[in-house]
Trainee: 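Mind looking over this structure? Questions follow.
Bear in mind the structure is a predicted one, so any value in this text is a computation, not a measurement. Counting from 1, the numbers follow the sequence of the chain as shown.
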Amino acid sequence: MSSLLDTPTAAPDAPAARPERRWRAALGLLPFALYFLVFLGGPLYFVISGAFTDADGRPTLGNLVASLTSPQYLLAFRQSLLLSAVTAVIGAVFGTFLAQAVLTAGPRSPLRRTVSTASGVLAYFGGVPLAFAFIAALGQTGLATAWLRSAGIDLYASGFRIDSLTGLALTYVYFQIPLMVILITPALEGLLPQWREAAENLGASAWSYWRLVALPVLAPAFAGATLVLFGNAFAAYATALALTSGSIPLVPTAIASALSGNVLVGQANVGLALGLDMVVVIAIVMVAYLWLQRRAARWSRR
């Protein structure tokens, strides 16, 4: 009995070990925290401080007022919102259909592996290379333009231009669809086969299953993925600049013009105010996306 009482235990040492483990875990996050502060916190502070000060460093709200009331900037916001909304909806719809079509194949299907790999590459294929690819394909002397012209279809005679808002939207859709495939595939995989079997046993048709069961379950994930596509298009800069040379008023190109003084000299702080407006829009999109993801996660836990 006394030997049992004298036996040492490790229980008293456990609470002392927990703070040490937490400290080591926090130390592992230090590189990420430094990266976050340098490459996100620093630029964000620069944008916010510049948006609320004039050229002499005095506090002012004039930059924000100008960014929200000037006709040229209002036009840039309207164009950006329209372009982002249209390409997000188109990319979401076609991306969902493509993902569902691919998922009907087996998990080891070559088609599924090919589409998944291609989507991962094409979703992040943008900037100058993407603009050059579309100019080479659909420019006035592009390969696809010449082939269509030989077939009796003259795109440019019909009013199409690759450096127009329509051409830019077509270019954006090119990377929006693969991104939607990546985002919506986990939600489609979360549709349990038992749900469809139960619906069929109750006499529901395929359309009734999708309308009454699958689509309501997918709605939060679909809406959240569409918001991500919207933010992706709203913040795109290099592709639009390379394709249109800044001839189409968009918020990112308006910010670049204001900071560089291409249009008006001394508008750098107004450009920072436009950047702050852009940050607010993206923040709203991300908050809505996180809320929708939380709603969508309810079904994945069941």
Side-chain angles (χ1 to χ4, degrees), residues 75-105 109-185 222 225-226 228-254 256-257:
L75 177 61
F77 267 104
R78 284 196 296 267
Q79 298 266 68
S80 291
L81 292 173
L82 176 63
L83 178 65
S84 302
V86 171
T87 57
V89 171
I90 294 175
V93 172
F94 283 94
T96 302
F97 278 115
L98 177 60
Q100 177 59 26
V102 171
L103 288 178
T104 56
S109 170
L111 174 63
R112 184 169 178 176
R113 293 200 300 267
T114 301
V115 173
S116 299
T117 304
S119 297
V121 175
L122 297 179
Y124 302 100
F125 178 64
V128 177
L130 179 61
F132 173 77
F134 267 81
I135 292 174
L138 292 173
Q140 291 190 7
T141 59
L143 294 177
T145 304
W147 181 81
L148 290 173
R149 189 178 292 118
S150 64
I153 303 174
D154 194 341
L155 294 177
Y156 284 80
S158 303
F160 173 81
R161 291 181 60 89
I162 192 61
D163 57 351
S164 64
L165 192 62
T166 303
L168 189 59
L170 184 63
T171 308
Y172 278 25
V173 168
Y174 183 83
F175 58 76
Q176 295 281 59
I177 292 178
L179 181 58
M180 186 62 181
V181 172
I182 296 174
L183 294 173
I184 202 64
T185 296
F222 179 84
T226 305
V228 173
L229 266 61
F230 176 89
N232 185 47
F234 190 79
Y237 167 70
T239 302
L241 185 65
L243 193 65
T244 67
S245 301
S247 59
I248 298 178
L250 297 173
V251 175
T253 56
S257 298

Trainee: If you define the side chain from C-beta out and look only at heavy atoms, does anything of Gln140 sit under 4.5 Å from Thr145?
Mentor: no

Trainee: Nearest 0.5 angstrom please: Met180 CE to Ile90 CD1, how far?
Mentor: 13.0 Å

Trainee: What closest approach, in Å, do Ala144 and Leu138 show between heavy atoms, and which atom pair accounts for it?
Mentor: CB-CD2, 3.8 Å

Trainee: Please give me the minimum heavy-atom distance between Ile182 and Ser119, naming the atom from each residue.
Mentor: CD1-O, 3.5 Å

Trainee: Keeping Ser245 on the side-chain end and Ser247 on the backbone end, is there a donor-acceptor pair under 3.5 Å?
Mentor: no

Trainee: Taking atom CG of Leu103 and atom OG of Ser116, what is their separation to the nearest 0.5 Å?
Mentor: 8.0 Å

Trainee: Decide yes or no for Leu81 and Phe230: does some side-chain heavy atom of the first lie under 4.5 Å from some side-chain heavy atom of the second?
Mentor: yes

Trainee: Measuring from atom CG of Leu75 to atom CG of Leu250, what distance do you get when rounded to the nearest 0.5 angstrom?
Mentor: 9.0 Å

Trainee: Does Thr87 form a side chain to side chain contact (heavy atoms under 4.5 Å, CB included) with Leu229? I'd like the steps, not just the answer.
Mentor: CA-CA 8 Å; Thr87 57; Leu229 266 61; over 6 Å; no

Trainee: Run through Asn232, Thr171, Thr226 and flag the one making a side chain to side chain donor-acceptor pair (under 3.5 Å) with Gln176.
Mentor: Asn232

Trainee: Where is the tightest heavy-atom contact between Ile248 and Ser164, given as atom of each residue plus distance?
Mentor: CD1-C, 3.3 Å

Trainee: Rounded to the nearest 0.5 Å, what separates atom CZ in Arg78 from atom CG in Leu83?
Mentor: 14.5 Å

Trainee: Please give me the minimum heavy-atom distance between Gln79 and Leu165, naming the atom from each residue.
Mentor: OE1-CD2, 3.5 Å

Trainee: If you take all heavy atoms of Thr96 and Phe222, which pair is closest and at what distance?
Mentor: OG1-CE1, 3.3 Å

Trainee: State which residues pass ring-ring contact (aromatic ring centres under 6.0 Å, His included) with Tyr156; sequence neighbours excluded, sorted by chain then number.
Mentor: Phe160

Trainee: Give a yes or no answer on whether the side chain of Ser150 reaches the backbone of Trp147 with a donor-acceptor pair at less than 3.5 Å.
Mentor: yes

Trainee: Just wondering, are more than 12 heavy atoms of other shown residues or ligands nearer than 6.0 Å to CZ in Phe97?
Mentor: no

Trainee: Roughly how far, to the nearest 0.5 Å, is OH of Tyr172 from CG of Leu179?
Mentor: 13.5 Å

Trainee: Would you confirm whether Thr244, through its side chain, and Leu241, through its main-chain N or O, come within 3.5 Å as a donor-acceptor pair?
Mentor: no

Trainee: Report the C-alpha separation of Val102 and Val181 in whole Å, then their side-chain angles, then the decisive distance to 0.1 Å, and conclude whether the side chain to side chain contact (heavy atoms under 4.5 Å, CB included) test is met.
Mentor: CA-CA 10 Å; Val102 171; Val181 172; over 6 Å; no

Trainee: Surrounding CZ of Arg112 (heavy atoms of other residues, nucleotides or ligands, distance under 6.0 Å), is the total greater than 12?
Mentor: yes

Trainee: Could you report the tightest heavy-atom contact between Leu122 and Pro178, atom names first, then the distance?
Mentor: CB-CG, 3.7 Å

Trainee: Which value, rounded to the nearest 0.5 Å, describes the distance between Leu111 atom CG and Thr104 atom OG1?
Mentor: 8.0 Å

